[in-house]
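We're numbering straight along the sequence, starting at 1. As the structure lists them, so they are numbered: ligands from 1, and atoms in each ligand from 1.
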Amino acid sequence: MAKVVRTKWVLLLVVLGVCFLVACGDASEVDQEVEDGVDSGVEVDEEANQSEQSDSLVIGFSQVGAESEWRTANTQSIQDAIADAGHELQFSDAQQQQQNQIMAIRSFISQGVDAIVFSPVVETGFETVLQEAKDAEIPVFLVDRAVDIDDDSMWVTFLGSDFVEEGRKAGRWLVDELADVEGDINIVELQGTVGSAPAIDRKEGFEEIIADHPQLTITQSQTGNFTRTEGKEVMEAFLRSDGDNIDVLYAHNDDMAIGAIQAIEEYGLKPAEDIIVIGVDAVKGAFEAMVAGKMNVTIECNPQFGPQLVELIEAHFAGEELPKRIAVEEDMFTMDQAADLIDSRTY
Ligand code: AHR
């Protein structure tokens with residue numbers, strides 16, 4: 001009996017020993033395959049993982065601020081496109097302050113991001129920090145606004161609107177609109193942020209067109225910093241100083257035009273009737289004002305170029321040579337089109 005039990009134990013130990021050896025063999029085979037680079041299920045996953053990691057970029061984005069409907073739509077478009085493509089975003093809102101942008105870009109450089117997306121508040125004063133990004137070999141993508149620097153090797157490409165052309169479109173629309181009107185026309189201008197590309201260029205384009213029409217004169221011009229609040233305040237000042245002699249308001253963006261519309265109404269005049277109102281951006285708020293009969297025209301400035309930007313960044317990392325300037329295509333919308341189009345507007 002004792003002998004039978006001992007024999008059973010011996011058999012059991014032998015079976016367990018064999019199982020242990022087989023299991024060890026399997027594990028060491030897998031380890032060996034991974035080390036040797038031999039194809040196995042484990043290694044395929046590792047490869048996929050590695051390629052996912054290397055395709056995914058860390059992108060630092062220094063945005064101007066949150067001063068307008070346009071800016072909010074632009075931030076959303078870029079954030080969504082970066083997330084949808086599986087890249088990581090480091091976002092910084094400069095609150096319209098150049099110093100904040102310089103600090104943000106320096107921080108992106110010290111973090112060692114793969115790419116920097118940069119929409120400059122103003123055109124000048126970024127040479128040093130852009131040189132630092134270049135020295136660190138981090139590609140910079142300018143979006144929306146340009147910098148006034150001759151050395152274009154400091155950025156890969158500039159993707160944004162043609163602001164001079166937007167100003168020309170506003171000027172041409174006004175000249176056509178007033179083709180049958182005789183006598184002097186007084187225009188007040190609400191400029192964007194002082195020193196910013198859209199403020200400089202939209203003024204230049206508009207003035208270029210009206211220069212051939214001496215009856216059109218800009219009688220007052222001041223910055224409203226692209227915001228509704230300041231647009232309203234400056235329009236109130238224009239009205240206080242010469243309220244009965246203002247024929248046209250040219251605002252460098254819709255937010256300032258919308259603020260100014262409120263000032264015109266509070267002054268006791270009818271916007272779009274007593275004073276022609278021209279804006280830029282074509283945001284939803286402008287369409288609402290046009291449907292309500294309070295604004296005459298808005299020149300489109302399309303903020304939704306996030307997907308195009310991500311394609312350009314990826315193309316750069318794939319080794320493609322990109323043009324230094326890529327313009328966004330844009331339209332113009334008048335009051336009589338607004339009701340039909342308002343529901344299709346996406347910003
Ligand atoms: O740079 C684009 C301009 O900046 C938009 O027209 C304006 O609304 C924004 O604040």
Side-chain angles (χ1 to χ4, degrees), residues 61-78 93-98 100-101 117-124 126 141-148 155 158-171 189-206 222-232 234-235 249-261 277-289 295 297-306 308-309 325-333 345-347:
F61 173 27
S62 170
Q63 175 63 294
V64 167
E67 74 284 2
S68 60
E69 270 188 62
W70 187 98
R71 188 66 55 196
T72 308
N74 180 245
T75 300
Q76 193 66 54
S77 171
I78 294 176
D93 174 346
Q95 299 176 345
Q96 298 229 71
Q97 298 300 317
Q98 179 170 40
N100 292 342
Q101 290 205 294
V117 173
F118 172 38
S119 179
V121 179
V122 290
E123 285 190 335
T124 56
F126 288 106
F141 294 79
L142 286 180
V143 291
D144 166 34
R145 297 182 180 182
V147 285
D148 186 7
W155 57 91
F158 165 40
L159 169 66
S161 306
D162 182 341
F163 297 137
V164 178
E165 187 53 27
E166 289 171 355
R168 288 191 197 111
K169 281 183 188 165
E189 180 183 35
L190 280 171
Q191 296 183 38
T193 303
V194 175
S196 69
I200 294 166
D201 294 353
R202 286 174 187 162
K203 183 169 185 54
E204 182 190 319
F206 186 78
Q222 212 178 299
T223 181
N225 206 21
F226 283 129
T227 67
R228 282 187 194 202
T229 313
E230 287 176 71
K232 179 170 187 275
V234 177
M235 189 68 198
L249 161 68
Y250 169 44
H252 288 189
N253 82 344
D254 290 336
D255 281 76
M256 292 189 294
I258 292 164
I261 286 170
V277 178
I278 305 171
V280 182
D281 280 351
V283 295
K284 198 82 162 214
F287 275 79
E288 284 160 4
M295 187 165 168
V297 65
T298 180
I299 314 301
E300 188 182 34
C301 179
N302 187 353
Q304 294 178 315
F305 51 70
Q308 195 181 355
L309 168 67
R325 175 74 171 103
I326 300 170
V328 178
E329 287 197 5
E330 285 152 353
D331 214 328
M332 181 177 86
F333 305 101
R345 299 302 294 168
T346 51
Y347 65 94

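For ligand 1, the atoms closer than 4.0 angstrom to any heavy atom of D144 are 1 (O), 2 (C). Close approach of ligand 1 to S68 (heavy-atom distance below 4.0 Å) involves ligand atoms 7 (C), 8 (O), 9 (C), 10 (O). Under a 4.0 Å criterion applied to the non-hydrogen atoms of P198, ligand 1 contributes the atoms 1 (O). Those atoms of ligand 1 that come under 4.0 Å of a heavy atom in E67, given as number and element, are 4 (O), 9 (C), 10 (O).
Taking the six-membered ring where tryptophan is involved, the planes of F126 and F118 are perpendicular, since the angle between them exceeds 60° and thus also 30°.
Using a cut-off of 4.0 Å between Lys/Arg side-chain N and Asp/Glu carboxylate O, E189 and R202 are scored as not salt-bridged. Classification of E288 and R345 as a salt-bridged pair fails, no side-chain N sitting under 4.0 Å from a carboxylate O. Look at E165 and R168 and you find a salt bridge, because one of the NZ, NE, NH1 or NH2 atoms lies within 4.0 Å of a carboxylate O, short of that distance.
Polar contact with ligand 1: present for D281 (N/O pair, distance under 3.5 Å).
Contacts between E69 and ligand 1 below 4.0 angstrom, taking non-hydrogen atoms only, are absent altogether. When heavy-atom distances to ligand 1 are checked against a 4.0 Å cut-off, R202 comes that close only through its side chain, counted from C-beta outward.
Taking each heavy atom of E230 and G224 in turn, the nearest pair found is CB-O, 3.1 Å.
Considering only residues two or more places apart in sequence or on other chains, Y347 meets the ring-ring contact (aromatic ring centres under 6.0 Å, His included) condition with none of them.
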